[in-house]
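Scroll down for the structure; my scribbles are underneath it.
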Amino acid sequence: MKEVIKEITDFLNLRIPVGGKEVDITIKTVLFLIIGLILVKILLKYLKKLAKSKLEQEDKNKFDTIFSFTSWLAYVVVFSIALSSAGVNLSAILVASSALLIGIGLALQTFFQDIISGVFIILDKSVHVGDIIELDDKVGRVEEIKLRTTRAVTIDNKVLVIPNHKYLSNSLYNWTQNGTTTRESVTVGVAYGSDVALVKKLLMQAASEHPKVYQHPAPLVLFENFGDSSLNFKLIFTLNDSFQAAIPKSDIRFKIDELFREHNISIPFPQRDIHIVDAKGLRFEPPKKEVLQNNQKEIEGKEEGNSKEDLNN
C-alpha cells in the first residue's frame with residue numbers, strides 16, 4: 001500500500017519542463033489548476049442563477065454582459081493563485097514574457113477599449129436593448145449588448161455590429177431615450193396664390209386620418225417660409241414606432257397628393273423667368289453678302305500663296 005502511495009506521489013511530483021527550473025510545472029500543479037477552475041465554474045454558475053432569479057428581463061441582459069467580464073477576471077485570478085500555491089514562481093514567468101505581453105497589449109489596445117466602453121455603457125444606462133440609435137448616419141434597433149460589441153438591426157433587416165468604443169468617441173443619438181413615441185415631419189411646397197388656410201386644413205386631414213398617427217398631441221402645421229418658387233409648409237405628427245416611420249410618412253405623402261389634386265392645389269417645381277432686354281444702341285446687324293464674299297476671297301488667296309511657298313521649298 002505504501003508503495004502504491006509512493007508511486008502516486010512520485011507521479012504527481014513529476015515535473016514538466018516549460019522553460020527553466022524556476023518555472024517547472026508538476027502533474028500535481030496541473031490537476032490542482034483543473035480542479036480549481038472546475039470549482040470556480042460551478043460556483044459562478046450557481047451565483048449567476050441566484051442573482052438572475054431576482055432581476056427583471058431588461059436587467060438580466062445587462063447582468064449577463066457584466067458577469068461574463070467578471071467570470072474571465074475570476075478565472076485569471078484563480079489561475080494565478082493556483083500556480084502560486086503550487087510553488088510556481090510567477091515573477092519569473094512574467095519577466096520572461098514581458099516583451100511578448102507588451103506586444104500583445106499594444107495589439108489588443110482597441111480590444112480592451114471596447115471592453116471598458118461596454119462596461120460603461122451598461123453602468124450609465126445610455127443604451128438599452130430595444131433602443132433605436134443613430135451612429136455615423138446609420139440607424140438600427142439594438143438587439144444585444146455584448147462586452148466588446150453591440151449588435152443592432154437596421155430598417156433593411158441588416159445586422160449592424162458596432163464596436164463599443166465608438167459610443168465614447170462619436171456622438172450617439174438615442175431616438176427612444178425619452179420613450180417610444182417620436183415627432184416626425186413631412187414637408188411640402190404649394191404654388192404662390194394658393195389658399196393657405198385650405199392647405200393647412202388638408203395637411204391636418206392627411207395626418208389625422210392615418211391610423212398610426214397619435215391624436216394627442218395633435219398634428220401641427222407650420223408655414224415655414226416663402227420659397228423661391230413655392231410656399232413651404234411642414235406637417236408635424238407623433239408616431240409610436242419611429243423605426244418604421246418611413247411607411248406612415250409615405251402614406252401621408254400619398255394622401256396629401258390625393259387631397260391637393262381634389263382641391264386643385266398644385267405643387268410647383270423650381271423654375272426661372274428670363275427677360276431679354278434690347279439695350280439701346282446695341283443692335284445686331286448681320287454682315288452683308290458682299291463682305292462675306294470678300295472675306296472668302298482673302299482666305300483663298302492666302303491658301304494659294306502658302307501652297308506656292310511649299311512648292312518652291
Side-chain angles (χ1 to χ4, degrees), residues 48 51-52 54-73 107-188 207 210-220 222 224 234-254:
K48 181 179 180 181
K52 289 183 69 174
K54 300 179 181 181
L55 296 175
E56 298 181 358
Q57 183 60 40
E58 182 178 353
D59 294 329
K60 287 180 180 179
N61 297 327
K62 301 176 185 176
F63 178 79
D64 287 338
T65 304
I66 297 178
F67 190 81
S68 62
F69 177 74
T70 307
S71 300
W72 282 108
L73 185 61
L108 299 179
Q109 182 178 2
T110 305
F111 175 79
F112 289 115
Q113 208 175 19
D114 289 336
I115 292 177
I116 295 173
S117 301
V119 174
F120 287 158
I121 291 170
I122 295 169
L123 292 179
D124 66 10
K125 299 181 180 180
S126 58
V127 179
H128 302 81
V129 174
D131 284 355
I132 300 173
I133 61 173
E134 180 180 353
L135 188 68
D136 291 340
D137 297 328
K138 297 178 181 178
V139 179
R141 190 195 300 274
V142 177
E143 297 291 333
E144 186 178 13
I145 302 176
K146 293 185 178 180
L147 198 58
R148 195 184 68 83
T149 60
T150 297
R151 191 173 70 89
V153 178
T154 64
I155 300 175
D156 302 326
N157 200 30
K158 298 177 182 178
V159 177
L160 184 64
V161 180
I162 307 170
N164 287 335
H165 77 270
K166 284 186 171 293
Y167 291 112
L168 300 181
S169 58
N170 297 74
S171 297
L172 171 69
Y173 297 93
N174 193 331
W175 291 10
T176 52
Q177 181 74 43
N178 297 327
T180 57
T181 58
T182 57
R183 298 283 275 178
E184 304 292 340
S185 64
V186 171
T187 58
V188 63
H210 197 281
K212 292 187 177 181
V213 173
Y214 280 11
Q215 301 304 317
H216 301 284
L220 176 67
L222 297 180
E224 286 196 310
K234 176 185 280 189
L235 173 62
I236 303 173
F237 48 89
T238 305
L239 295 177
N240 187 34
D241 187 5
S242 57
F243 194 63
Q244 300 291 339
I247 298 175
K249 290 167 74 172
S250 175
D251 295 339
I252 291 173
R253 290 189 183 98
F254 277 116

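Keep in mind that this is a model prediction, so the values were computed, not measured.
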Q | Min side-chain heavy-atom separation Asn240-Lys212 under 4.5 Å | A | no
Q | Arg253 side chain near Val186 side chain, heavy-atom distance below 4.5 Å | A | yes
Q.
Nearest 0.5 Å, please: how far is CZ in Arg141 from CD1 in Ile155?
A. 9.5 Å
Q: Mind listing the closest non-hydrogen atom pair of Pro163 and Thr149 along with its distance?
A: CA-CG2, 4.3 Å
Q) If every non-hydrogen atom of Ser185 is compared with every non-hydrogen atom of Lys249, which pair is closest and at what distance? A) O-CE, 3.3 Å
Q) What heavy-atom pair brings Val129 and Glu144 nearest, and what distance separates the two atoms? A) CG2-CA, 4.5 Å
(Q) Can you confirm whether Lys138 sits close enough to Ile162 that some side-chain heavy atom of one is under 4.5 Å from a side-chain heavy atom of the other? (A) no
Q | Any Trp175 side-chain heavy atom under 4.5 Å of Asp131 side chain | A | no
Q.
Can you give me the closest heavy-atom contact between Thr150 and Val142, atom names plus distance?
A. CG2-CG1, 3.9 Å
Q. Can you tell if the side chain of Leu135 reaches within under 4.5 Å of the side chain of Asn170, non-hydrogen atoms only?
A. yes
Q) Which heavy atom of Leu220 sits nearest a heavy atom of Arg183, and at what distance? A) CB-NH2, 4.3 Å
Q) After noting the C-alpha distance and the side-chain angles of Ile133 and Leu172, does the key distance pass the side-chain contact (heavy atoms from CB on, under 4.5 Å) rule? A) CA-CA 7 Å; Ile133 61 173; Leu172 171 69; 3.8 Å; yes
Q.
Are Leu239 and Val213 packed together at the side-chain level, in the sense that at least one heavy-atom pair is separated by less than 4.5 angstrom?
A. yes
Q. Measuring from Asp136:CG to Tyr173:OH, what's the distance to the nearest 0.5 Å?
A. 10.5 Å
Q | Residue that, paired with Pro217, satisfies side-chain contact (heavy atoms from CB on, under 4.5 Å) out of Thr181, Thr238, Ile236 | A | Thr238
